[in-house]
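Being a predicted model, the structure only gives us computed values, none of them experimental.
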Amino acid sequence: MTVTTMLCTCNAKSFTIHRGINISHWLSQSDSRGEERIKWFTRDDVKFLAESGFDHLRIPIDEEQMFNEDLTPDTEAFGLLHKALGWCKEFDLRAVVDLHIIRTHHFNAQDKPLFTEKKAQERFYECWRKISAELAKYPRSMVAYELMNEPVADDPEAWNTIVNHCLAVVRELEPKRTIIIGSNRWQSFDTVKQLRVPKDDKNIIISFHFYNPFMFTHYRASWTDMKDLPCTIHYPGNLISDNDFAAMEQSMKNRYGYAAGKNGYNDINTLESQIKQAFDAATQLGKKAYLGEFGAIHGAPEKDRIQWYKDIVSICEKYGIGYANWDYKGGFGIIRNNEKQQQMIDVLTGK
């Protein structure tokens, strides 16, 4: 099939994106403040990313960093965001400003007042009124808004109701700004079909995330229950080799879900069949699909890891899906221990 790629030329009238990177753990998921936060991401970083071949940044921001408890904007945090967007303009990059975590919703929290309390919902909408007031001056061809990262609602209609109300709030202020809306349940590829968005709004992009197979992409990740996996993980093919599987005690197989891992064969065709579900569902909605996060942790076997990246990029290119790697300097990053991962960069930028 032939699909037009979401190529970025920042002088164009529309917001179009192709190859991006997530600037994680800066204005989101970080306790750094003051000079430490200022030095973590600078003009030199944006220059490096542009010269490397990326055309856009996805910039996660957290409510608790950007706003005080009374929702007054934090001057320093918004100052840093404005600097980053200024650097994007200087180096001809586009930016997705992603409201990543809010005080009433964290994607891994059990309690999510956003879905149960009217007051929490109104606070969410007010965040976007204030973000819009700060960022409306930037060209629509350069900056897009992602309303919230990885919603996790028990009922998909709860997310549909809230996100459509939030969209309406932003549309009152900015009728033509590109808005990115993610699917429910951690923006899974298989929940895009549950999304409900206005068909007549031409400035919506549908976002999904992809970390399959999870046992491979999060191999021995310290924050997961797989942190002590006693075997090597493989891609493509069976995640666990026959020899490794046979050597493990049954109790350990059960603990880590090894049985599913052993039987879980993965290759480019497996990944394509999953990613295409998101693409097809977005197309059915009359929207473009955007892979806003994907990545494999540095602890995974390097040769297998690079092949996984090659396969993901190949699939996205085939269907014209813009993408943003997670992340820049974190555990999945193109910078590791202050050294650039050139092979990974080359794969992500199509070199």
Side-chain angles (χ1 to χ4, degrees), residues 20-26 28-32 40 52 58 60 100 107-108 149-150 186-189 209-249 251-268 270-271 274-275 291-315 323-349:
I21 198 90
N22 276 271
I23 310 304
S24 71
H25 303 97
W26 180 45
S28 171
Q29 297 177 286
S30 172
D31 294 328
S32 297
W40 196 90
S52 295
R58 182 175 183 254
H100 206 70
F107 45 84
N108 285 335
N149 176 73
E150 296 195 351
W186 298 278
Q187 284 175 243
S188 177
F189 68 89
H209 295 173
F210 194 82
Y211 291 100
N212 284 4
F214 191 81
M215 193 180 290
F216 175 78
T217 65
H218 285 67
Y219 178 56
R220 292 179 176 170
S222 61
W223 62 93
T224 72
D225 61 3
M226 298 181 293
K227 60 182 180 296
D228 300 318
L229 279 175
C231 63
T232 300
I233 296 294
H234 304 279
Y235 177 87
N238 286 331
L239 293 173
I240 301 172
S241 71
D242 291 340
N243 288 340
D244 281 347
F245 190 76
M248 288 184 289
E249 296 180 2
S251 62
M252 298 198 67
K253 294 175 189 176
N254 293 337
R255 176 184 174 189
Y256 295 112
Y258 283 148
K262 169 62 171 60
N263 295 324
Y265 182 92
N266 291 270
D267 60 15
I268 189 171
T270 310
L271 305 189
Q274 296 170 345
I275 291 172
L291 178 52
E293 284 186 26
F294 69 108
I297 199 165
H298 279 295
E302 188 66 9
K303 181 180 178 182
D304 299 31
R305 183 172 172 271
I306 292 298
Q307 185 59 54
W308 183 86
Y309 273 108
K310 288 180 178 178
D311 289 350
I312 295 289
V313 169
S314 174
I315 295 164
Y323 57 83
N325 178 67
W326 186 275
D327 50 1
Y328 177 35
K329 295 194 233 182
F332 300 72
I334 62 169
I335 301 293
R336 186 183 187 192
N337 299 324
N338 295 318
E339 293 184 2
K340 64 180 181 179
Q341 307 298 297
Q342 193 60 55
Q343 188 177 12
M344 186 178 171
I345 292 170
D346 290 346
V347 171
L348 291 170
T349 57

> Once you round to the nearest 0.5 Å, how far does CG of Asp244 lie from NE2 of His234?
5.5 Å
> Between atom CE of Met344 and atom CZ of Phe332, what is the distance when rounded to the nearest 0.5 Å?
9.5 Å
> Between His218 and Phe214, what is the ring plane arrangement, given parallel below 30°, perpendicular above 60°, and tilted in between?
parallel
> Asn212 vs Asn266, test: side chain to side chain contact (heavy atoms under 4.5 Å, CB included). Steps then yes/no.
CA-CA 9 Å; Asn212 284 4; Asn266 291 270; 5.7 Å; no
> Do Ser314 and Ile268 have side-chain heavy atoms sitting under 4.5 Å apart?
yes
> Can you confirm whether Lys340 sits close enough to Ile334 that some side-chain heavy atom of one is under 4.5 Å from a side-chain heavy atom of the other?
no
> Which pair of non-hydrogen atoms, one from Phe210 and one from Gln274, has the smallest distance, and what is that distance?
CZ-OE1, 3.1 Å
> Show the nearest heavy-atom pair for residues Ser30 and Ser32, with the distance to one decimal.
OG-N, 3.1 Å
> For Ile345, is there any backbone N or O sitting under 3.5 Å from a side-chain donor or acceptor partner on Thr349?
yes
> Are Asp346 and Tyr309 packed together at the side-chain level, in the sense that at least one heavy-atom pair is separated by less than 4.5 angstrom?
no
> Should Gln187 and Glu293 be marked as a side chain to side chain contact (heavy atoms under 4.5 Å, CB included) after you check the CA-CA gap, both sets of side-chain angles, and the distance that decides it?
CA-CA 9 Å; Gln187 284 175 243; Glu293 284 186 26; over 6 Å; no
> Are the side chain of His298 and the backbone N or O of Gly333 linked by a donor-acceptor pair below 3.5 Å?
yes
> NZ/Lys329 to CH2/Trp40 distance, rounded to the nearest 0.5 angstrom?
5.0 Å
> Between Tyr328 and Asn22, is a side chain to side chain contact (heavy atoms under 4.5 Å, CB included) present by the stated rule, with each step listed?
CA-CA 6 Å; Tyr328 177 35; Asn22 276 271; over 6 Å; no
> With side chain to side chain contact (heavy atoms under 4.5 Å, CB included) as the test, pick out the partner of Cys231 among Ile240, Asn243, Leu239.
Ile240
> What is the minimum heavy-atom distance between Pro213 and Trp308, and which atoms define it?
CD-NE1, 4.0 Å
> Counting C-beta onward and ignoring hydrogens, is there a side-chain heavy-atom pair between Ile312 and Ile275 closer than 4.5 Å?
yes
> List the steps and the verdict of side chain to side chain contact (heavy atoms under 4.5 Å, CB included) for Asn238 and Phe245.
CA-CA 10 Å; Asn238 286 331; Phe245 190 76; over 6 Å; no
> Phe294 pairs by ring-ring contact (aromatic ring centres under 6.0 Å, His included) with which of Tyr211, Phe189, Tyr323?
Tyr323
> In terms of the angle between their ring planes, are His100 and Phe107 parallel, tilted or perpendicular, with boundaries placed at 30° and 60°?
perpendicular
> Using 4.0 Å as the upper bound for N to carboxylate O, is an ion pair formed by Glu339 and Arg336?
no
> Which label fits His25 and Trp326: parallel for a plane angle under 30°, tilted from 30 to 60°, or perpendicular past 60°?
perpendicular
> Side-chain contact test, heavy atoms from C-beta onward, threshold under 4.5 Å: evaluate it for Ser241 versus Thr232 and give yes or no.
no
> Between Tyr219 (side chain only) and Leu229 (backbone N and O only), is there a donor and an acceptor less than 3.5 Å apart?
no
> Establish, from distance only, whether the side-chain atoms of Thr270 and Asp267 form a donor-acceptor pair under 3.5 Å.
yes
> Could you give the distance from CG (Asn325) to CG (Leu348), rounded to the nearest 0.5 Å?
5.0 Å
> If you count the non-hydrogen atoms of other residues, nucleotides and ligands that lie under 6.0 Å from CG in Asn337, is the total more than 12?
no
> Using atom types as modelled and distance alone, determine if a side-chain donor or acceptor of Arg305 lies under 3.5 Å from a backbone N or O of Ala300.
no
> Could you tell me which non-hydrogen atom of Ser28 sits nearest to which non-hydrogen atom of Pro60, and how far apart they are?
CB-O, 3.5 Å
> What are the two closest heavy atoms between Phe216 and Ile233, and how far apart are they?
CD1-CG2, 3.4 Å
> Might you point out which heavy atoms bring Arg58 and Ala324 nearest each other, and give the distance in Å?
CB-CB, 4.4 Å
